[in-house]
> 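After the structure tokens below, expect a handful of questions from me.
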Amino acid sequence: MTSLGVMPLASCVRQCTRSPGAQLGSYCRLHTSSISCTKDYYDVVVVGGGSAGITMGARMKRKVGAENVAIVEPSEKHYYQPLWTLVGAGAKRLPTSVRSTASVIPSGVKWIKSAVQGFEPDKNCIRISDNKKISYKYLIIALGIKLQYEKIKGLPEGFKYPKIGSNYSVHTVEKTWKAMQDFKRGNAIFTFPNTPVKCAGAPQKIMYLSEAYFQKTGKRAEANIIFNTSLGVIFGVKKYADALLEIIKNRNISVNYRQNLIEVRADKQEAVFENLDNPGETKVFQYEMLHVTPPMGPPDVLVNSLVADAAGWVDVDKETLQHTKYPNVFGIGDCTNLPTSKTVAAVAAQSGVLDKTISLVMKNQKPTKR
């Protein structure tokens, strides 16, 4: 049985039982098995249809042809999440940040509308729903990062109450703007969690935009703006940290370092923070507005998988983005253990490096792009 972009079973078996050396040479030896394949096979499979996945799908289309590329993504909607800072501040409308996934999949590339259920890199396969397997010659993992609101006691159910929002979720970003509009007087609190996060600047961006809004609407004198961060610095890059500290001073914003949000009592408008330098010590803040940046972590499917490191992130070479164990597997974006920021800007830079890496691997050559 054949379908557009899918090879017959016999062809698939031939592809995956061929001598590894004939495909990639001695440097990039594939992990093959004669029983590893089902009827679905692509030269390149991209797992994840976010910014990183769509970018690499387009690049791989130009490299191997659209019919030989598949993108695995369950969602029918594709969100441009960097815009949500402006949505939360009332400068943009939420619908402007969304398109249909079908409209952003590169033309001719196969969209497999399913979630990945597991990785079998020794067999060059992934498992999707209904225990179906998709086989590949090259795999690109671009699964993004998982929001973990549930790690904060009282959330996500606390978002049913007013005065609280979060720009990190499509379900809560508009509540941020509502909380800004409804603000009268008191504490406006903005948080930064004790985990990796995507767009580490976003928790501060909404704070500065809120401060400007309060100025514009005549509420600033009644607002006590507080940034409670789990970090010991305002920002990880000193050049920018120095500039931000000047802004914070000029705008009379209070910063409390090493404070991690552990509980929200939304019915009482209370936020509980733990002092990370003295575990177990907590402090309760009353709030009139609360913006929550949630804890985040690797997607569940990656945790304890063969392609992940001990922490659950895709284990790639930090310079080439090639997997440290499986030479025909690559990672990009928020789901990796790269020592870069988890942002669309980082993806833009990474995609060029990864494109060159895969090009060389396909030519049986060692990656040199850094």
Side-chain angles (χ1 to χ4, degrees), residues 45-54 56-57 70-79 81 84 101 111-136 139-159 166-173 193-200 230 260-262 292-316 321 323-326 329-338 340-344 346-347 350:
V45 171
V46 181
V47 179
S51 295
I54 295 299
M56 293 313 301
I71 296 176
V72 181
E73 170 56 49
S75 177
E76 292 187 354
K77 294 181 179 180
H78 175 95
Y79 292 98
Q81 296 179 39
W84 287 352
T101 298
W111 173 25
I112 300 174
K113 187 183 169 186
S114 178
V116 63
Q117 302 293 326
F119 296 91
E120 299 181 16
D122 291 306
K123 298 179 180 179
N124 299 317
C125 288
I126 61 168
R127 285 181 287 106
I128 58 173
S129 5
D130 299 326
N131 209 31
K132 184 178 179 182
K133 292 185 178 181
I134 305 295
S135 299
Y136 57 80
L139 175 67
I140 300 173
I141 304 173
L143 283 172
I145 196 169
K146 180 187 177 184
L147 305 181
Q148 299 175 323
Y149 287 104
E150 70 280 359
K151 288 193 171 183
I152 301 172
K153 186 178 179 181
L155 295 183
E157 60 272 19
F159 286 113
S166 175
N167 289 354
Y168 278 88
S169 169
V170 66
H171 304 295
T172 58
V173 59
N194 190 29
T195 65
V197 300
K198 53 183 172 181
C199 195
S230 66
N260 186 45
L261 180 66
I262 60 171
V292 177
T293 300
M296 303 180 203
D300 292 340
V301 70
L302 287 176
V303 178
N304 298 321
S305 72
L306 291 175
V307 296
D309 65 10
W313 307 101
V314 181
D315 194 12
V316 296
L321 283 74
H323 197 273
T324 57
K325 180 179 178 182
Y326 301 100
V329 176
F330 310 86
I332 185 172
D334 297 355
C335 66
T336 67
N337 60 3
L338 292 167
T340 59
S341 60
K342 296 183 182 296
T343 63
V344 171
V347 165
Q350 292 168 20

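This is a predicted model, so every value here is computed, not measured.
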> Mind checking side chain to side chain donor-acceptor pair (under 3.5 Å) for S169 and listing every partner two or more places apart, or none if nothing turns up?
none

> What's the verdict on side chain to side chain contact (heavy atoms under 4.5 Å, CB included) for V314 and L143, showing C-alpha distance, side-chain angles and the deciding distance?
CA-CA 9 Å; V314 181; L143 283 172; over 6 Å; no

> Who passes ring-ring contact (aromatic ring centres under 6.0 Å, His included) against H78, sequence neighbours left out?
none

> For I152 and I262: C-alpha separation, side-chain torsions, deciding distance, then whether side chain to side chain contact (heavy atoms under 4.5 Å, CB included) applies.
CA-CA 5 Å; I152 301 172; I262 60 171; 5.9 Å; no

> Do N124 and Y326 come within less than 4.5 Å of each other through their side chains, counting heavy atoms only?
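Not in contact.
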
> Which heavy atom of G331 sits nearest a heavy atom of V316, and at what distance?
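Answer, listing the atom of G331 first, then V316: N-CG1, 3.6 Å.
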
> Restricting to side chain to side chain donor-acceptor pair (under 3.5 Å), what partner residues turn up for D315, sequence neighbours left out?
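Result, side chain to side chain donor-acceptor pair (under 3.5 Å) vs D315: T324, N337.
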
> For a 4.5 angstrom cut-off between non-hydrogen side-chain atoms, does E73 reach I112?
no

> Among residues at least two apart in sequence or on other chains, which ones pass salt bridge (charged side-chain N to carboxylate O under 4.0 Å, His left out) with K153?
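Residues passing salt bridge (charged side-chain N to carboxylate O under 4.0 Å, His left out) with K153: none at all.
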
> Apply side chain to side chain donor-acceptor pair (under 3.5 Å) to T195 and list each qualifying residue two or more places apart in sequence or on a separate chain.
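T195: no side chain to side chain donor-acceptor pair (under 3.5 Å) contacts found.
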
> Holding to ring-ring contact (aromatic ring centres under 6.0 Å, His included), I want the full list of residues that pass it with Y79, two or more places apart in sequence or in another chain.
W84

> What I'd like to find out is whether the side chain of V72 reaches to under 4.5 Å of the side chain of W111, using heavy atoms alone.
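Not in contact.
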
> Using the side-chain contact (heavy atoms from CB on, under 4.5 Å) criterion, which residues pair with P196? Sequence neighbours excluded.
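Scan of P196 (side-chain contact (heavy atoms from CB on, under 4.5 Å), adjacent residues dropped) gives W313, K342.
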
> CD1/I332 to CD1/I140 distance, rounded to the nearest 0.5 angstrom?
7.5 Å

> For F330 and L139: C-alpha separation, side-chain torsions, deciding distance, then whether side chain to side chain contact (heavy atoms under 4.5 Å, CB included) applies.
CA-CA 6 Å; F330 310 86; L139 175 67; over 6 Å; no

> Could you go through F159 and Y149, starting from their C-alpha distance and side-chain angles, then the distance that decides it, and tell me whether this counts as ring pair (Phe, Tyr, Trp, His ring centres under 6.0 Å)?
CA-CA 10 Å; F159 286 113; Y149 287 104; 5.3 Å; yes

> Applying side chain to side chain donor-acceptor pair (under 3.5 Å) as the test, list every pair that has at least one member in residues 293-307; sequence neighbours left out.
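Sorted result for residues 293-307: K146-D300.
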
> Nearest 0.5 Å, please: how far is OG in S135 from CD1 in I126?
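Going from the CD1 atom of I126 to the OG atom of S135 covers 9.0 Å.
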
> Got a second to check how far I141's CD1 is from C335's SG, nearest 0.5 Å?
6.5 Å

> Please tell me whether S129 and S114 have a donor and an acceptor in their side chains that are separated by less than 3.5 angstrom.
yes

> side-chain contact (heavy atoms from CB on, under 4.5 Å) with T340: which residues, sequence neighbours excluded?
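If we apply the side-chain contact (heavy atoms from CB on, under 4.5 Å) test to T340, skipping adjacent residues, the hits are L338, A346, Q350.
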
> Do K132 and Q117 get their side chains close enough for a donor-acceptor pair, meaning under 3.5 Å?
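No.
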
> Run the salt-bridge test on R127 and E120 with the 4.0 Å N-O cut-off and return the result as yes or no.
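Here R127 pairs with E120 in a salt bridge, since their nearest N and O are under 4.0 Å apart.
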
> Residues two or more places apart in sequence or in another chain: which of them pass side chain to side chain donor-acceptor pair (under 3.5 Å) with K151?
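Result, side chain to side chain donor-acceptor pair (under 3.5 Å) vs K151: Q148.
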
> Supply the atom-to-atom distance K133 NZ to I128 CD1, rounded to the nearest 0.5 angstrom.
12.0 Å

> Could you report the tightest heavy-atom contact between P193 and P294, atom names first, then the distance?
CG-O, 3.3 Å

> State, with a plain yes or no, whether a side-chain heavy atom of V173 is found less than 4.5 Å away from one of Y168.
no

> Only pairs under 3.5 Å count here: list side-chain donor-acceptor contacts from residues 45-52, not counting sequence neighbours, and write none if there are none.
none

> Has the side chain of N260 got a donor or acceptor atom that lies under 3.5 Å from a matching backbone atom of N194?
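Yes, the answer is positive, given that a donor and an acceptor are paired below the 3.5 Å cut-off.
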
> Can you tell me how far CG of L155 sits from CG of L147, rounded to the nearest 0.5 angstrom?
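Atom-to-atom, L147:CG and L155:CG are 12.0 Å apart.
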
> Any donor and acceptor pair, going by atom type alone, linking the side chain of H323 with main-chain N or O of V307 inside 3.5 Å?
yes

> Mind checking side-chain contact (heavy atoms from CB on, under 4.5 Å) for E157 and listing every partner two or more places apart, or none if nothing turns up?
K160

